[in-house]
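Keep in mind that this is a model prediction, so the values were computed, not measured.
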Amino acid sequence: MKKQIKVLLYVILAISLVASGWVGFERIQTERADKSIQIAIRYNDVLSLAKQTDVPIENILKEFKQLGATTLFVRENTVSGPNDDYYNFKAQGEVTIVDGYILKFYYPNVENLIPERTYVVTSNEGIAESIYSNYCLKNLEVETLVGTSEETNEPVYFIDVTDVMSSLGAVGVGFNTADLNLAASLGYMIAPQIKSWEEPSEESLVNLAEEIDAIDNIGTIYFADVTIPGADTEVMAELIRNHQLGFIEFTSNKQKGFETLAKHASESGINYKVTRLHTLGDAQVKTFTMTELMDRYQLALNERNNRTFLFKMPNTSNPEEDKAYLLEAITRFEEIATKDGYTLSETTTDFNFPQIPIFVAILVGLASMVVFVFLLSELGATKLGYILGVLGTLGYVGLLKVSPLNAYRLMALFGAIVFPTYGILMGLREKPRNMKGTIIAFLKICAISYGGVFAIVGALSRTGFALGINLFAGVKLSHIIPIAAVIVVLVYRKHKFDYNFYVGILNRKISYGALIVIGIIGAALLIYTTRTGNSGSASTLELQFRQILTNILGVRPRTKEFLIGYPILMCLLYYGYKEAYLPFVIFAAVGPISLVNTYAHIHTPLLISMTRSAYGIIFGLLIGLIAIWVIKYIGKVIRKWQLQSK
């Protein structure tokens, strides 16, 4: 590569990294300013306590409010459901479901009651009207009859639901507006969770919006089912613009229509009205101790951009213990959040990164292209690198125009691949190093690999990725491809296109020992790939170890970096790479690759990821030095033993 061209490429590289650094700086400023949080409790739990302890709802709401609860989370009512789920009128004691032949016995004067039919029965006119109107608007055909109670002489309403029985526990029929307005008057934000229904019409959506607008102090709106009704309509978009859209962590990313609605209401991606909520599943609550619960919620607070935290009662058979558990959880979490610099707020705020100009987006992608050219130049394919670099840049610019999100994803993936690949290949050599040279080479590999961090931060620091609306789909590829690329290049460097060598490998007999080694490496790679991203699970022992690190350091470094990848890399740098060490290269590459991919989790604040990386490098370096010393010591012992045996 000519010197002038190399200088030009370095200049382009520097400009690109500066552009990514600017994007990162703007992101940090936004993340540091976002310190308002909400603590939510469920209306279901409040109603359960009120009924079990015979205490007015108002008193219970006041008690939780005084301890820090800011938000009342309420799912839309259905007609029926589990008896311990007070999000249905049957469990609330407002309706009964009775066969017609029984009703004919008790209400002989009510005309048109058919013995073979099934009816929802209630004396509450408002509930009867809510059920009837919601069902009719949501494409469920029902009929209402009116009778009179002989005991009270009050009207009784009979809704024929024979043909819609499967919808009684699935389709929403409104909210307990009076109770919710009471909570609002006490200072609660109301967070309704809407049920879905099939083929929503504009009239049914308008009715839903009117029901929600009848509730005071509406904050964030959530959705309860896998499909969001009317996600592509202006009615729902306007409802979200007037309030906010709730993203329930680990759930909303699977809801059909969530991304559509979020974008539709976001003014073309300029102002997302989305907030992230963290909670536990109902079955999980009973399995967590209070300490484990606080650890879980603190992690969600500091490392995943969640700003609303929903606490649930375990709902055991003892309401007083359930209440005490919930009160303690709220109190302890408020103390933790306050200590970490957060403040409770009764209003929700929008979270949006600054918009990135198109020319900055173009500059961000150039660094990865330059390093790709350098990589091919190291392989003696400089001209091919120039051609592919230019074509790649033009393709990226064109894709930015056609599909910006995919352009960002592809460039982030490309950067996550080329930087650690180039860094590892530049650091490995056959000649051994002294300790100083080993440390310098290790830090150099980390520094080059960190260029991939700039590529990811510059490409993916968009609000949609931070909120979880858009996902970086290349996590597993960015873990596997660099390992494969490093192995291929190392073999190519040694043997080029030596046909006999490759044929010899294919024809070589494999020993049982080799099969065992291959099996171990294969199992390790399988675990490695399944544990990337948010998939996979850790053992109890590992989870305890992680929590110890978090408690001591505040931010837990990646164990696969400082316990596996970096120490093995240090040993390879010190003793020199040999072809027999190729299996160790696979594990050594894990460190730099994981370093880069830490930043693919855009919902994690950038300063947290930077701290995690720093800890990983420092501890990895120290453990690597210890590993080298141990290997040298063992070698001395073995040599001494061999001399004595002679």
Side-chain angles (χ1 to χ4, degrees), residues 8-9 11-24 26-27 232 253 258-260 262-264 266-270 272 352-376 381 383-422 451-482 484-485 533 596-597 599-603:
L8 175 62
L9 291 176
V11 171
I12 294 173
L13 177 63
I15 293 173
S16 178
L17 294 178
V18 168
S20 293
W22 175 78
V23 173
E26 292 288 309
R27 172 179 160 185
D232 57 348
N253 62 305
F258 189 94
E259 181 178 350
T260 300
K263 289 181 178 179
H264 194 180
S266 70
E267 302 173 21
S268 300
I270 295 175
Y272 278 97
N352 287 280
F353 288 151
Q355 291 294 298
I356 300 173
I358 186 65
F359 77 91
V360 175
I362 293 172
L363 289 177
V364 161
L366 296 180
S368 300
M369 293 299 175
V370 169
V371 172
F372 179 66
V373 173
F374 286 157
L375 180 58
L376 289 185
K383 290 184 179 179
L384 178 62
Y386 294 154
I387 295 171
L388 293 179
V390 171
L391 291 176
T393 301
L394 293 175
Y396 172 61
V397 173
L399 193 58
L400 278 173
K401 182 69 175 177
V402 177
S403 180
L405 282 178
N406 285 326
Y408 302 147
R409 289 187 179 107
L410 285 174
M411 189 50 68
L413 175 60
F414 191 57
I417 291 171
V418 297
F419 275 98
T421 301
Y422 182 67
V453 171
F454 279 82
I456 289 176
V457 170
L460 298 184
S461 290
R462 268 82 179 166
T463 307
F465 290 102
L467 292 172
I469 300 168
N470 306 124
L471 300 176
F472 175 49
V475 173
K476 294 189 186 300
L477 288 176
S478 61
H479 278 79
I480 293 299
I481 293 178
V596 174
N597 279 275
Y599 296 80
H601 303 281
I602 306 300
H603 56 262

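The shortest non-hydrogen separation linking Tyr272 to Leu467 is CB-CD1, 4.0 Å. Summarising the geometry of Ile270 relative to Gln355, their closest heavy-atom pair is CA-NE2, 3.7 Å, with the distance given to 0.1 Å. Nearest heavy-atom pair, Val364 versus Ser16, reported as atom, atom and distance to 0.1 Å: O-OG, 3.1 Å. Between Arg409 and Leu471, the shortest heavy-atom contact is NE-O, 2.7 Å. Looking at every heavy atom in both residues, Pro482 comes nearest to Leu477 through CD-O, 3.8 Å. The shortest non-hydrogen separation linking Ala19 to Leu363 is CB-CB, 3.9 Å.
In terms of modelled atom types and a separation under 3.5 Å, the side chain of Ser461 and the main chain of Val457 share a donor-acceptor contact. Judged by distance alone, the side chain of Ser20 and the main-chain N or O of Phe454 form a donor-acceptor pair under 3.5 Å.
You'll find the side chain of Phe472 stays beyond 4.5 Å of the side chain of Ile602, heavy atoms only. Asn253 has its side chain out of reach of Phe258: every pair of non-hydrogen atoms, C-beta onward, lies at least 4.5 Å apart.
Annotation: the span from Ile456 atom CD1 to His601 atom NE2 amounts to 9.5 Å, rounded to 0.5 Å. To the nearest 0.5 Å, atoms CG (Leu410) and OH (Tyr396) are separated by 10.0 Å. The OG atom of Ser368 lies 10.0 Å from the CG atom of Leu413; values are rounded to the nearest 0.5 Å. Atom CZ of Phe414 sits about 9.5 Å away from atom CZ of Phe419, to the nearest 0.5 Å. Lys383 NZ to Leu376 CG: the interatomic distance, rounded to the nearest 0.5 Å, is 14.5 Å. Note that the CD1 atom of Ile481 and the CD1 atom of Ile417 stand 3.5 Å from one another [nearest 0.5 Å].
For the pair Arg462 and Tyr408, the cation-pi criterion (under 6.0 Å, within 45° of the ring axis) is fulfilled.
Using modelled atom types and a 3.5 Å distance limit, the side chains of Asn597 and Ser478 yield a donor-acceptor pair.
Annotation: Phe465 is not in aromatic contact with Phe353 [ring centroid separation under 6.0 Å not met].
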Requested in this report: Please lay out, stage by stage, how Ile362 and Met411 fare under the test side-chain contact (heavy atoms from CB on, under 4.5 Å).
Outcome: CA-CA 10 Å; Ile362 293 172; Met411 189 50 68; over 6 Å; no

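Of the listed residues (Val11, Leu13, Val18, Ile12), just one forms a side-chain contact (heavy atoms from CB on, under 4.5 Å) with Ile15, and that residue is Val11.
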